[in-house]
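The analysis underlying the following values was restricted to heavy atoms, covering all of them including side chains, and did not include hydrogens, waters or symmetry mates.
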There are 2 protein chains.
Amino acid sequence: MNSTTIRDVARLAKVSISTVSRVMNMPEAVAPDKRERVLEAIRRLEYQPNGFARGLIFKKSNTLGVLIPDIRNPYYGDIIRGMEEAAKQFGYSLMICNTDRDPERVVGYIEDLREKQVDGLLFASDYVTALYYETIRKSGVPVVLVSTESREYGIPSVKVDEEQAAYEAVRHLIALGHREIGIVCFTLPDPISGEPRYRGYARALEEAGLEGSKNHVVYATHWFEEAYAATDVLFQRYPQLTAVFACSDEFALGVISCLHDRGIKVPDQVSVIGFDNVRLSRMSIPRLSTIAQPMYEIGYAGVSKLHRLVRNESLETLRDIVPHRLIVRESTGPPGGSGENRKTIDIRTNDSF
Amino acid sequence: MNSTTIRDVARLAKVSISTVSRVMNMPEAVAPDKRERVLEAIRRLEYQPNGFARGLIFKKSNTLGVLIPDIRNPYYGDIIRGMEEAAKQFGYSLMICNTDRDPERVVGYIEDLREKQVDGLLFASDYVTALYYETIRKSGVPVVLVSTESREYGIPSVKVDEEQAAYEAVRHLIALGHREIGIVCFTLPDPISGEPRYRGYARALEEAGLEGSKNHVVYATHWFEEAYAATDVLFQRYPQLTAVFACSDEFALGVISCLHDRGIKVPDQVSVIGFDNVRLSRMSIPRLSTIAQPMYEIGYAGVSKLHRLVRNESLETLRDIVPHRLIVRESTGPPGGSGENRKTIDIRTNDSF
DNA sequence: ATGAAAGCGCTAACAC
DNA sequence: GTGTTAGCGCTTTCAT
């Protein structure tokens, strides 16, 4: 580690340390000749100021902590990029932490970030438990929630309207002519991505007089593999389904893979719609119809909001809702083969992974 | 921000600040009654020490900087998880930065991380240019390269044997009976993932007396969309191909999508093998045959190595090579339809994205 | 315009 | 065992 200090520079330039400090912070305030000498000394010594010392004085780190529940989920790629762009704009660095949804790590990271004196915290997707809230409160660090929200604790947040988005996804299926629609839902109780998306699904069904379908639900927790397995169960119970609403694009891929392995064509026999519009959804065969979230903008807006918070500016709104939109690609279409015409589904657990 | 200091605690507990400091750093060295009083005061005041002050003394941040070229690439998910696990083990936090391969951001981040006094730097996948090296050298921060290496500057690194891995991928294709094999290669000059993988491809071809195929190459830079477009060019030039080696799984998906849109079946008519074994490769249809890199282990090993460097311990080896392995799934098979039997390929640029 | 000195919050000698 | 004190590297009064 390069350990030349301001003292070394002062000595070499034959000035006092305050002069050196001045050329770094208010260059105009120092005589041109001395300024040049100092600059030269800085160059020669490759001097770079110590962030700890500055932090101690300014009581600011210009760093924001970011808690990501699952860094493997492509959903966060663009969220992070949006955050980074905003951070750059406002002069912050990001400290990105992956919690793998482990409460211990969440708490550990919050405490660590607070010790590192981050100026603020971005908390993504996870549900804010009492433990998390208490840890955050204690730390005294401003927080904004990203793709999650908290009714109990009134924390600022940025996200889409999950219920409405899910509603529109299922509306799309209904408009296509589907009558028997299943859902692969995030394991309840998940008050963020689970419950609201289920409600949107149920609302669309009711509105279309299809409430009989409302129990065509099966659960999975975030992973392709689970969605794959859940799909077997779903079609075992409700073989009449002609469409399924998968609560994430990854789920949708799981559903499609399962169906494919059972010889069922998507979308000819069964339509599948996803949620998120991660890059993957354009890379699969068939390309996924899905609900697009503006991930980049969500990340950007999260940092903007936090920036205001950090500077004690007032927030126009506590909970920001950003627009989603339906994207129709290839995985949805009108109902084709009916349940009866379909090849019987093999419900044995698949063991190919 | 919670701003109670060690002084406040000392006052409330009616002891000196050194006693407070002691209960935090060497609790046994202080009398039980006082210790309890201090602990109670800490609890009451929700005191948490200031990392800047401690950093100033210890000259350590217990933080490692991580430079990721493209956070959207799923390849880095497990790399980061491996790093994080090791970091936790060794008592570091990770500061993850996404550079999007922008030299300005790379340099900016290195300087910023240095000011933040990170104890070390993990530099992933990118080629170490003279500018980067100079920036790193100036900063004086120990570095290890992850999934990249540097012959010029002799920087420690952890990665697979790209050339050999590519060789084995193509060997697999040859063993299956393929004679006309194309490659979708990273844009040259890419001395890390481009050139060595091409050499592996070429070596396998030569060894099998297939050197005629060696020019069946087309280039793309990291993205699905580019691989898709490159595939059109590849088959336009060499319609006799029955197999292609894609230099990444993302490329492989691009190749497969393109082929699929042209009505060509994988693997029945054309075999495709990828590289990396990202999670995606198990989620696609067909599931990808690929070369698996141990991403998690690479990340873990990178941090371990850096940890040694930070503590000035000697390294057994400068450049670590970790094992790869061939995974055969569904996207490769024996050559089926010959070029002639195949539907003519539509070489117009696809505009579906 | 410039230097001397105080002090940010903490740890680590060094007394006692 | 515990308190006093001298810094860690820097910015910022305050004199001059």
Atom CG of A:D33 and atom P of C:dA1 are separated, to the nearest Å, by 12 Å

Could you work out which one of D:dT2, C:dG9, C:dT2 sits closest to the side chain of A:T19?
C:dT2

Ranking D:dG9, D:dT2, C:dT11 by distance to the side chain of A:N50, first place goes to D:dG9

Mind calculating the distance between CD (A:E115) and C1' (C:dT11) to the nearest angstrom?
13 Å

Decide whether B:K116 and A:T63 meet the rule of one side-chain donor and one side-chain acceptor closer than 3.5 Å.
yes

Out of D:dT11, C:dG3, C:dA12, whichever nucleotide has its closest atom nearest the side chain of B:F58
C:dA12

Indicate whether OP1 or OP2 belonging to C:dT11 is found under 4.0 Å from a side-chain N or O atom of B:R54.
yes

Phosphate-side-chain proximity, B:K34 and D:dT2, N/O vs OP1/OP2 below 4.0 Å:
yes

Specify the separation, in whole Å, of atom CZ of A:R7 and atom P of D:dC8.
7 Å

Tell me which nucleotide among D:dT11, C:dA1, C:dC10 gets nearest to the side chain of A:A31.
C:dA1

So, OP1 or OP2 of C:dG9: does either fall under 4.0 Å of a side-chain N or O from B:T5?
no

Check the side chains of B:N62 and B:R54 for a donor-acceptor pair under 3.5 angstrom, ignoring hydrogens and angles.
no

Between D:dC8, D:dT11, C:dT2, which nucleotide has the shortest distance from any of its atoms to the side chain of B:I57?
D:dC8

With no hydrogens and no angle check, just 3.5 Å: does a side-chain donor-acceptor pair link B:Q293 and B:Y75?
yes

Between the side chains of B:S147 and B:Y76, does any donor sit under 3.5 Å from an acceptor?
no

Out of curiosity, A:S157 OG to A:L318 CG, how far, rounded to the nearest 0.5 Å?
6.0 Å

With the side chain of A:S18 defined as its heavy atoms from C-beta on, choose the nearest nucleotide among D:dT12, D:dC10, D:dC8.
D:dT12

Taking only side-chain nitrogens and oxygens of B:K14, does any of them come within less than 4.0 Å of OP1 or OP2 of D:dT2?
no

Out of C:dT2, D:dC10, D:dG9, whichever nucleotide has its closest atom nearest the side chain of A:I6:
D:dC10

Any side-chain donor-acceptor pair under 3.5 Å between A:T99 and A:D102?
no

Starting at atom CE of A:M26, determine the distance to atom P of D:dT11, rounded to an integer number of angstrom.
12 Å

Would you classify A:S21 as touching base, sugar-phosphate or nothing, given that sugar-phosphate means primed atoms plus P, OP1 and OP2, and contacts are heavy atoms under 4.0 Å?
base

Please state how far atom CD1 in A:I17 lies from atom P in D:dG7, giving the value in whole angstrom units.
14 Å

Using a cut-off of strictly less than 4.0 Å, decide whether A:R22 has a side-chain nitrogen or oxygen near OP1 or OP2 of C:dA1.
no

If I take atom CZ in residue A:F52 and atom C1' in nucleotide D:dG7, what distance separates them, rounded to the nearest angstrom?
17 Å

Given atom CE of A:M24 and atom C1' of C:dT2, what is their separation to the nearest angstrom?
18 Å

May I have the distance from B:K60 (atom NZ) to D:dG9 (atom P), rounded to whole angstrom?
17 Å

Let me spell it out: for each of B:V15 and B:A53, pick the nucleotide of DNA chain D with the closest heavy atom. Which residue's pick is nearer the 5' end?
B:V15

